[in-house]
Protein chains: 2
Amino acid sequence: MRKEDTGAGHNPHHHSHSHKSCVSLVPIFNHLEEEQMNEITKTIHSINYKKSETVYHAGEQSDSLFIVNKGKIRVYRLSESGKEQLVRILMPGDFTGELALFTETTYVSFAEAMVETSVCRIKRTDFQNLLLQYPTISLKVLTEFSKRLAQSEKQSMRFATEKVETRIALFLAECFDSENQTDTIELPMSKKDLASYLGTTPETISRKFTELEAQGLIEQKTHKLIKVLDLDGLLLN
Amino acid sequence: MRKEDTGAGHNPHHHSHSHKSCVSLVPIFNHLEEEQMNEITKTIHSINYKKSETVYHAGEQSDSLFIVNKGKIRVYRLSESGKEQLVRILMPGDFTGELALFTETTYVSFAEAMVETSVCRIKRTDFQNLLLQYPTISLKVLTEFSKRLAQSEKQSMRFATEKVETRIALFLAECFDSENQTDTIELPMSKKDLASYLGTTPETISRKFTELEAQGLIEQKTHKLIKVLDLDGLLLN
DNA sequence: CGGGGAGTTGATGTCACTCAATTGGGGTGG
DNA sequence: CCACCCCAATTGAGTGACATCAACTCCCCG
């Protein structure tokens, strides 16, 4: 456990001067001056994970923020009754562990590398010092927090008020919006994970996709590739 | 609309020197020095609302943070398909409008006074200046954000993975925890609102309460007062 | 005292989960 | 490079949880 503390098995082969590229990749910091960057660079550690390795797990003592540099991380939770829910998938530039920094003393979710992944790790105290020293970073982080909060509340409301079919349609519509060059979207996760993310089962996902296809709203090119034929039709449901 | 801009109908009878009590009530600020307090006091406006008056509504141009000074505010949303969900109830010291400050330019939720209510209003630019000037406030706000995020993600996960009965039981358990002097809890809202908050219907709430009572887990003293007879029983469900 | 909304109770319908069997596809080792 | 294997994905049948609709009661407040 907590392999990242020792670095064992993760090839933490970065040397401190090679952190720079990591820091500059992070949206939270990318408005800063060279000199400030260098200071920050001193406080972070770069860690690599192989596919399906654990970044952290619920219950573990938490004292760090993780920022994805390269790769993908799957963040999920276990509910009171033991069922798993996919919370989000982190792409480069995204961060996790933020609750750890301010409220909780242990992680409440699980994070696992989906592919070969490299992250920057910043300790709680170092990060808090950065915030006090560079107030503009706080604004960036606050902005990021508020985005995430908005996202979470939206998701929450959909669970509370929309049926599965609508949640799926809304999800597809959002994927469509972010892939603004083409009408074919690539699902960012397996249908199993999608089911977990949308609070349903793989069976239901499968059936609803077939229904949407029968209605002429989408076309399933492959398991991962979906062509959207009628966006409005999806939404006015 | 936007009555708070003019103050019409809200008796904004506070004078600037009387804001102080308002500011000192706000957890975000209550670690500051007298002098800093006074500076903040200049930037805020106090507004009163009568029962069921609108504080803001979705779609309205947003440029302010609202902090509850006295009273209760009901925050709710309308989903894509037009159904209402109760997001939270603000008590003194709580704030809302935060998304407005960082991400959205319009409010996404509705806020309405449940009783005679008094709030402090801070404009976006003033608030951002405060954050840059007093980095410790940022930490407070970040902490508050992360709490709310944790709460929202927890709620979201419960919608995704737990059935109605469990969500009710968990809600009761949390009420129980916060009223740590007695085994009788007072529901913080009507059962209608509770249904909306928990993503179900008043009918189901009613039935489940009866079931829980039949199982000997709770006792309904009145519509608002619930005596918890077997907390563990509630939770291990 | 009367009105109206909150709360309750019953009957019915349906959406989506569960369980089970089968197919499909991607990755690994021989 | 191919075959196998495993897990994802699909499809079907049955069930159950919860929403809906409707009728009624209970308070709370004017």
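Lettering of chains follows the sequences in order, A, B, ..., and the numbering in each one begins at 1.
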| query | Do B:R148's NZ or CZ and the ring of B:F95 fall within the cation-pi criteria of under 6.0 Å and 45°? | reply | yes
| query | Are B:R158 and B:E174 close enough for a salt bridge, meaning some N to O gap below 4.0 Å? | reply | yes
| message | Measure NZ/B:K83 against P/D:dA19 and give the value in whole Å, please. | response | 9 Å
| task | Send over the distance from B:E165 CD to D:dG16 P, rounded to a whole Å. | result | 15 Å
| query | Between B:T204 and D:dC18, is there a side-chain N or O to OP1/OP2 distance below 4.0 Å? | reply | no
| Between B:E53 and B:K51, is there a side-chain N and carboxylate O pair less than 4.0 Å apart? | no
| said: Side chain of A:P202 only, heavy atoms from C-beta on: which candidate in D:dT10, C:dT9, C:dG7 is closest? | reply: D:dT10
| said: Does the structure place the NZ or CZ of A:R74 under 6.0 Å from the centre of the six-membered ring of A:Y76, at an angle of no more than 45° from the ring's axis? | reply: yes
| field | Earlier contact from the 5' end, DNA chain D, for B:K51 and A:I205 | value | A:I205
| query | Side chain of A:S190: nearest nucleotide among D:dA8, C:dC17, D:dA17? | reply | D:dA8
| Atom-pair distance (NZ on A:K163; P on C:dG13), nearest Å | 17 Å
| task | Using only side-chain N and O atoms of A:K191, determine if any of them is under 4.0 Å from OP1 or OP2 of D:dT10. | result | yes
| request: Quickly work out the A:K221 NZ to C:dG25 C1' distance and round it to whole Å. | output: 19 Å
| said: Can you tell me whether the side chain of B:E203 and the base of D:dC21 have a donor-acceptor pair closer than 3.5 Å? | reply: yes
| request: Measure from NZ or CZ of A:R207 to the centre of the six-membered ring of A:F209 and say whether it is under 6.0 Å with the direction within 45° of the ring axis. | output: no
| message | Please confirm whether the ring centroid of A:F66 lies under 6.0 Å from the ring centroid of A:Y56. | response | yes
| said: Between C1' on D:dA8 and CG on A:L86, what's the gap in Å once rounded to a whole number? | reply: 16 Å
| From D:dC18, D:dA9, C:dG7, pick the nucleotide closest to the side chain of B:K192? | C:dG7
| message | Over all strands shown, is B:K208 touching base, sugar-phosphate only, or nothing at heavy-atom distances under 4.0 angstrom? | response | sugar-phosphate
| query | Reckon A:T210 has a side-chain N or O less than 4.0 Å from the OP1 or OP2 of D:dT11? | reply | yes
| task | Measure from CZ on B:F159 to P on D:dA17 and round the result to the nearest Å. | result | 20 Å
| request: Take A:G199 and A:H223, find for each the nucleotide of DNA chain C with the closest heavy atom, and name the residue whose nucleotide sits nearer the 5' end. | output: A:G199
| Phosphate-side-chain proximity, B:Q220 and C:dG7, N/O vs OP1/OP2 below 4.0 Å | no
| request: Figure out the CD1/C1' separation between A:I168 and C:dC17, and round it to whole Å. | output: 14 Å
| task | Report the residue (A:S206 or B:V164) whose heavy-atom-nearest nucleotide on DNA chain D is the more 5′ of the two. | result | A:S206
| field | Interatomic distance where CG belongs to A:D193 and P belongs to D:dC7 [whole Å] | value | 15 Å
| message | At less than 3.5 Å, do the side-chain atoms of A:R207 and the base atoms of D:dG12 form a donor-acceptor pair? | response | yes
